[in-house]
Amino acid sequence: MAEDPYLGRVITAFEGGITTRVIKHPSHPDDRAFAYEVTFLLRHPRVVAVASQKPPLHFHPHQEEYLQVLEGRIAVEIEGRERVLGPQDGEVAFPPWTNHRLYAPLGDDGGDLEVTKFLLSAQNTEELFRLDTVFFENWYAYQDQIVVKGEKVNLLQVMSMFDAGGSYLSLPTWIPFSKPLARVLGIVVGRWVGGVLGYQPFYRKWTTDWKSACHKMEMSIFQRRFANRSKTE
């Protein structure tokens, strides 16, 4: 297996309010696509500013995702039900096609916390468009544009990035076939329409492993033009 170019790297977001350290999974070093030790500094001004805004509800068709709280507590929403997890809960799995999101606990569930630390990982898969560090590095950088620099959220940009990371925004569950439909929309709007309009899933300025990012984009006729391997900036 090739050496992970991200191993040992620390990715920061929200001006240090969130840090993600890339590690080998302590108990599953060979069958996880990635493993991160993520730290939320809950008193950090940037984290406090977005504390009431939940991240997008989404699912992954091809990967099971895993979460294990190491310190503090984290809230997760799974198919419309919220749970607050702590170290005593061990590893929790989000199976493929499961609507979910995670965020810092609010109100009484998190009022006394200063730090939350957790282990995040996902099942390895041969799928090219999957959760991996290329995706997370770009997703964190894009969130910084919103939270730190005050840019507006662009749905096409979000859908382009999510599709390249094997992730799709959830639709209301009352819509028939909501999950397959959400995936089709993610591909058509995020990959095809987004590509035509110039939205890239990955950007050189945000990407350490540009070779892997280019390999992914080269697989889509709509994104191939963004895969310039000669870029150095």
Between F136 and W139, does a ring pair (Phe, Tyr, Trp, His ring centres under 6.0 Å) hold up when you go through it step by step?
CA-CA 5 Å; F136 278 107; W139 176 236; 9.1 Å; no
Between D132 and K216, does the salt bridge (charged side-chain N to carboxylate O under 4.0 Å, His left out) criterion hold? Intermediate values first, please.
CA-CA 12 Å; D132 60 14; K216 287 189 177 190; 2.8 Å; yes
From CA spacing to verdict: side chain to side chain contact (heavy atoms under 4.5 Å, CB included), L41, V115
CA-CA 5 Å; L41 301 181; V115 177; 4.0 Å; yes
Please determine whether side chain to side chain contact (heavy atoms under 4.5 Å, CB included) holds for the pair E37 and T20, giving the CA-CA distance in whole Å, both sets of side-chain angles, and the decisive distance to 0.1 Å.
CA-CA 6 Å; E37 185 182 85; T20 300; over 6 Å; no
Report the C-alpha separation of L85 and F118 in whole Å, then their side-chain angles, then the decisive distance to 0.1 Å, and conclude whether the side chain to side chain contact (heavy atoms under 4.5 Å, CB included) test is met.
CA-CA 10 Å; L85 303 175; F118 57 93; over 6 Å; no
Go through the steps to decide whether H58 and F162 satisfy the test ring pair (Phe, Tyr, Trp, His ring centres under 6.0 Å), and finish with yes or no.
CA-CA 9 Å; H58 63 282; F162 266 45; 5.8 Å; yes
Checking side chain to side chain donor-acceptor pair (under 3.5 Å) for the pair Y168/D163: CA distance, chi angles, key distance, verdict?
CA-CA 6 Å; Y168 299 93; D163 169 60; 2.7 Å; yes
Decide side chain to side chain contact (heavy atoms under 4.5 Å, CB included) for F94 and V76; before the verdict, give the C-alpha distance in whole Å, the side-chain angles of both, and the deciding distance to 0.1 Å.
CA-CA 10 Å; F94 308 109; V76 297; 4.0 Å; yes
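At least one test fails for R101 against the ring of F59: distance under 6.0 Å to the centre or angle within 45° of the axis.
Under the 3.5 Å distance criterion, the side-chain polar atoms of H44 are matched with a main-chain donor or acceptor of E15. T207 places a side-chain N or O within 3.5 Å of a backbone atom of Y203 that can act as its donor or acceptor partner. Side chain of Q200 to backbone of F202: a donor-acceptor contact under 3.5 angstrom is found. Checking side-chain atoms of T98 against main-chain N and O of P95 turns up a donor-acceptor pair under 3.5 Å. A donor-acceptor pair under 3.5 Å is absent between the side-chain atoms of N138 and the main chain of F135, judged by distance alone. Here the side chain of S160 pairs no donor or acceptor atom with the backbone of G194 at under 3.5 angstrom. Between the side chain of D144 and the backbone N or O of A13 there is no donor-acceptor pair closer than 3.5 Å. K117 places no side-chain N or O within 3.5 Å of a backbone atom of E71 that could act as its donor or acceptor partner.
No hydrogens or angles considered: nothing links the side chains of D209 and T133 as a donor-acceptor pair under 3.5 Å. Side chains of T12 and Y140: a donor-acceptor N/O pair is absent below 3.5 angstrom, by distance only. If you check the side chains of E64 and Y66, you find a donor sitting under 3.5 Å from an acceptor. Side chains of Y199 and N154: a donor on one and an acceptor on the other come within 3.5 Å. Checking E77 against H100 by side-chain atom types alone, no donor-acceptor pair falls below 3.5 Å. Judged by distance alone, the side chains of T208 and R9 do bring a donor and an acceptor atom under 3.5 Å apart. Side chains of Y103 and E82: a donor-acceptor N/O pair is present below 3.5 angstrom, by distance only.
Heavy atoms of other residues, nucleotides or ligands lying less than 6.0 angstrom from CD of Q88 number more than 12.
Rounding to the nearest 0.5 Å places CG of N228 at 9.0 Å from CE of M217. Here the CZ atom belonging to R81 is positioned 10.5 Å from the CD1 atom belonging to I78, to the nearest 0.5 angstrom. Here the straight-line distance linking atom CG of L169 with atom CG of L185 works out to 9.5 Å at 0.5 Å rounding.
Taking each heavy atom of V47 and L42 in turn, the nearest pair found is CG1-CA, 4.1 Å.
Follow the hydrophobic side-chain contacts under 4.5 Å out from Y142 and you reach L197 in the same cluster. Cluster annotation: V22 is not connected to V10 through the hydrophobic network of ILVMFWY side chains, with a link wherever side-chain heavy atoms come within less than 4.5 Å. Under the 4.5 Å side-chain heavy-atom criterion for grouping Ile, Leu, Val, Met, Phe, Trp and Tyr, I23 is not connected to I18 through any hydrophobic cluster.
Just one residue in the list E65, R130, R183, H60 forms a side chain to side chain donor-acceptor pair (under 3.5 Å) with S167, and that residue is H60. Considering Q223, R229, R225 in turn, R229 is the only one that fulfils the side chain to side chain donor-acceptor pair (under 3.5 Å) rule with E218.
For residues 152-161, the set of pairs meeting the salt bridge (Lys or Arg N to Asp or Glu O under 4.0 Å) definition, not counting sequence neighbours, is empty.
Salt-bridge formation is detected for the pair R32/E91: a Lys NZ or Arg NE/NH1/NH2 atom is positioned less than 4.0 Å from an Asp or Glu carboxylate oxygen.
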